[in-house]
Amino acid sequence: MLDWEHIFATRSSRMKASEIRELLKLLEQPDIISFAGGIPDPALFPAEAFQQAYADIFSGAQVNSALQYSVSEGYKPLRDWIVEDVAKIGIDCTADNVFITSGSQQALDYLGKLFLSPKDTALVTWPTYLGALSAFNAYEPSYDQLSLNGNRTPEAYRDSAARAGGSVKFAYLSADFSNPTGETVDRAGREKLLALADELDIAILEDAAYQNLRFDGEAIPPILSLDIARSGSIENTRTIYSGSFSKTLAPGLRVGFVIAAMPVIRKLVLLKQAADLHSSTINQIAIEHVASRGFGEQVAKIKRVYSGRRNAMLAALSKYMPQNTSWTKPEGGMFVWVTLPEGMDGAELLAKSLATEKVAFVPGKAFYADGSNANTLRISFSCANDEMIDEGIKRLGRLIANASLVEQESLPII
């Protein structure tokens, strides 16, 4: 049998199966209460609106262009709609600054390819989105912890990157209701990041996948909006904003976008021409039809549902979790981040949970670039009703309490 390993590129050794993708298979098991997948509830998809959109496409002359090759930048009416939509949150740009991708995950892959040479450093939060680590890993970077509350200097970041054999290229973060923690970076933190990026002369990759899912609290301008306000034009900014229709309309159509200064957009277009030419034309047209006819109403609908589920999860956590466990209290998004008692391992807890309590979640270790903080886990409320949330958190709290007692009993007597 042929040994492929010595033929594969060295970068392939850093490619790992996504723990989340594997856990999604559990959704098919009816006896499992799953808080694992950070995915939208399919019951909330605007199915009728898409049915009408595709019917309109196929019943008119537009069908020919919908089934044809298209420009790499993306469907112009969709880019125009995005320009109008993001203007509401302070992002002043033109359609030339908008680039359509096959989901925001493709945007992360392209941006990793564009900026990272082997041994260059990417600054990421601790923890950070697992999909971003997977996308960046193929380009063989080093990682350093992006801390907006600490006192690390730009020189410290430069020195660390130099020791790793490269230079700092960008800082990546999700500023609103991040995956996995659900936390939001305040305005002071966003401005501090802009100042740090100026000092280091690096890009900022702002992952705004959950931008529209704010349930309560005061909205904070996106980093790109702050960057435009201080620099006077998007062409003078260093922030690259990526968004998606996956969390609001439908993930299966795989339509995302990047907003950035023209030099970045031009390079992304070249990458796309070499990769897949362009994103699905018909899906882009359908997204534009549905978004232009009722995006605001769709977002309002899903926010009502998800905010109720968030409330139910926070209430259940307060009711059932042992005292030595803590969790975040997100103002939006899809996730709550749980910190377990010190010494407990989320992966081991998951194995016990699936075997005894039939509750699924994502162990937190996978979200850390250095594989640390095993005593954490991510739970999602997006696809569970109130009864499932209450019962699932009750089981999980019982399991954590019992596991904590076992660990205490096993400690040596001094």
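Just so you know, these numbers use all the heavy atoms, side chains as well, and skip hydrogens, waters and symmetry mates.
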Heavy-atom donor-acceptor pair, Ser307 side chain to Lys303 backbone, under 3.5 Å | yes
Taken to the nearest 0.5 Å, the spacing of Asp31 CG from Ser34 OG works out to 11.5 Å
May I ask you to decide if Ala175's main-chain N or O and Ser178's side chain share a donor-acceptor pair within less than 3.5 Å?
no
So the salt bridge (Lys or Arg N to Asp or Glu O under 4.0 Å) pairs with at least one residue in residues 38-61 (sequence neighbours excluded) are Asp41-Arg309, Asp56-Arg293
Practice item. Go through the side-chain N and O atoms of Ser380 and Ser382 and say whether any donor and acceptor fall under 3.5 Å apart. Key: yes
Original post:
Do the side chains of Ser279 and Lys272 get nearer than 4.5 Å, heavy atoms only?
Top reply: yes
### Message
Would you say that Leu114 contacts Leu271 through its side chain, given a criterion of any heavy-atom pair below 4.5 Å between the two side chains?
### Response
yes
Sidechain-backbone polar pair: Thr121 side chain, Asp144 backbone, donor-acceptor under 3.5 Å: no
query: Do the non-hydrogen side-chain atoms of Pro180 and Val362 ever get within less than 4.5 Å of each other?
result: no
Practice problem: Assess whether atom CZ of Phe8 is packed by more than 12 heavy atoms of other residues, nucleotides or ligands within 6.0 Å. | Solution: yes
Applying side-chain contact (heavy atoms from CB on, under 4.5 Å), run through Asp276 and Ser102 and close with a yes or a no. CA-CA 9 Å; Asp276 64 356; Ser102 297; 3.5 Å; yes
For Ala374 and Lys365, the nearest pair of non-hydrogen atoms, with its separation, is CA-CB, 4.1 Å
Do Leu133 and Tyr143 have side chains that approach each other closer than 4.5 Å (heavy atoms only, starting at C-beta)? yes
message = As a quick check of understanding, evaluate side-chain hydrogen bond (donor to acceptor under 3.5 Å, both in side chains) for Asp120 and Tyr139, giving each step before the final call.
response = CA-CA 9 Å; Asp120 278 339; Tyr139 306 107; over 6 Å; no
Those residues at least two apart in sequence (or on a different chain) that pass side chain to side chain donor-acceptor pair (under 3.5 Å) with Thr94 are Asn97
**Prompt:** Hey, are Tyr129 and Asp207 close enough side-chain-wise for a donor-acceptor pair under 3.5 Å?
**Reply:** no
Does CD belonging to Gln51 count more than 12 external heavy atoms closer than 6.0 Å?
-> no
| message | Quick check: do Ile33 and Lys358 have side-chain heavy atoms less than 4.5 Å from each other? | response | no
Any side-chain donor paired with an acceptor under 3.5 Å for Tyr75 and Asn283?
no
Nearest heavy-atom contact between Ile389 and Ala384 is CD1-O, 3.5 Å
Taken in chain and number order and not counting sequence neighbours, the residues that satisfy side-chain contact (heavy atoms from CB on, under 4.5 Å) with Arg230 are Leu194, Asp198, Asp227, Arg238
Rounded to the nearest 0.5 angstrom, the CG-OG1 distance for Asn375 and Thr339 is 6.5 Å
### Message
Any non-hydrogen side-chain atom of Pro141 less than 4.5 Å from a side-chain atom of Lys119?
### Response
no
Lys/Arg-Asp/Glu bridge criterion (N-O < 4.0 Å) met for Glu297, Lys301
no
Review point. Between Phe335 and Tyr210, is the ring centre distance below 6.0 Å?
Key: yes
On a heavy-atom basis, the closest approach of Gln145 and Arg152 is O-NH1, 3.7 Å
Ring-plane angle category for Phe245 and Phe295, please: parallel below 30°, perpendicular beyond 60°, tilted otherwise. perpendicular
Notebook entry, point to check: Using a distance-only test with no angle check, is there a side-chain donor-acceptor pair under 3.5 angstrom linking Glu342 and Asn324?
Noted result: no
Between the side chain of Arg378 and the main-chain N/O of Pro363, is any donor-acceptor distance below 3.5 Å?
no
Rounding to 0.5 Å, atoms CG (Leu399) and NZ (Lys394) come to a distance of 14.5 Å
Do Arg190 and Asp186 sit within salt-bridge range, that is, some charged N less than 4.0 Å from a carboxylate O? no
Notebook entry, point to check: Quick check: does any side chain N or O of Thr281 sit under 3.5 Å from a backbone N or O of Leu67, one acting as donor and the other as acceptor?
Noted result: no
Strictly distance-based, threshold 3.5 Å: is any side-chain N or O of Glu206 a donor or acceptor partner for the main-chain N or O of Ser242? no
Distance col, row Lys247:NZ vs Ser104:OG, nearest 0.5 angstrom, shows 6.0 Å
Should Arg310 and Asp216 count as an ion pair when the cut-off is N to O under 4.0 Å? yes
Salt bridge (Lys or Arg N to Asp or Glu O under 4.0 Å) filter on Asp390, not counting sequence neighbours, yields none
Find out whether Pro154 and Arg158 are in side-chain contact, i.e. whether some heavy atom of one side chain is under 4.5 Å from a heavy atom of the other.
yes
Output for pair (Ser318 OG, Met313 CE), nearest 0.5 Å, gives 12.0 Å
Do side-chain atoms of Thr125 reach the backbone of Leu173 as a donor and acceptor pair under 3.5 angstrom?
no
Requested in this report: Could you walk me through whether Arg163 and Asp159 pass the salt bridge (Lys or Arg N to Asp or Glu O under 4.0 Å) test, one step at a time?
Outcome: CA-CA 6 Å; Arg163 288 193 298 270; Asp159 291 344; 5.2 Å; no
For residues 252-267, which side-chain N or O atoms pair as donor and acceptor with protein atoms under 3.5 Å away, sequence neighbours left out?
{"from": "Arg254", "atom 1": "NH1", "to": "Ser246", "atom 2": "OG", "distance (Å)": "3.2"}
{"from": "Arg254", "atom 1": "NH1", "to": "Pro251", "atom 2": "O", "distance (Å)": "3.1"}

Trace of the salt bridge (Lys or Arg N to Asp or Glu O under 4.0 Å) decision for Arg79 with Glu73
CA-CA 9 Å; Arg79 289 187 287 136; Glu73 290 86 347; 5.6 Å; no
- Query: Under 3.5 Å, side chain of Thr237 to main-chain N/O of Ile234, donor-acceptor pair present?
  - Reply: yes
Dump the intermediate steps for salt bridge (Lys or Arg N to Asp or Glu O under 4.0 Å) on Lys352 and Glu348, then the final yes or no. CA-CA 6 Å; Lys352 294 177 184 176; Glu348 294 177 2; 5.4 Å; no
| Ring centroid separation for Phe136 and Phe170, is it under 6.0 angstrom? | yes
Scanning both residues in full, the closest heavy-atom pair of Leu146 with Tyr157 reads CA-OH, 3.9 Å
- Task: Give the ring-plane orientation class for Tyr110 versus Phe99, where under 30° counts as parallel, over 60° as perpendicular and anything between as tilted.
- Result: tilted
(message) Is it the case that the side chain of Thr239 and the backbone of Leu224 share a donor-acceptor pair, with hydrogens and angles ignored and the cut-off at 3.5 Å?
(response) no
When every non-hydrogen atom of Val124 is compared with those of Ala369, the smallest separation belongs to CG2-CB, 4.4 Å
Note: Ser72 and His278 closest approach over all heavy atoms is CA-CB, 4.0 Å
inquiry  = Closer than 3.5 angstrom, by distance alone: can the side chain of Thr325 be matched with the main-chain N or O of Met321 as a donor-acceptor pair?
reply    = no
Sequence neighbours excluded, the answer for salt bridge (Lys or Arg N to Asp or Glu O under 4.0 Å) partners of Arg304 is none
Distance col, row His289:NE2 vs Ile57:CD1, nearest 0.5 angstrom, shows 5.0 Å
Any Phe381 side-chain heavy atom under 4.5 Å of Phe35 side chain:
no
Residues Asp370 and Ser372: side-chain donor-acceptor under 3.5 angstrom: yes
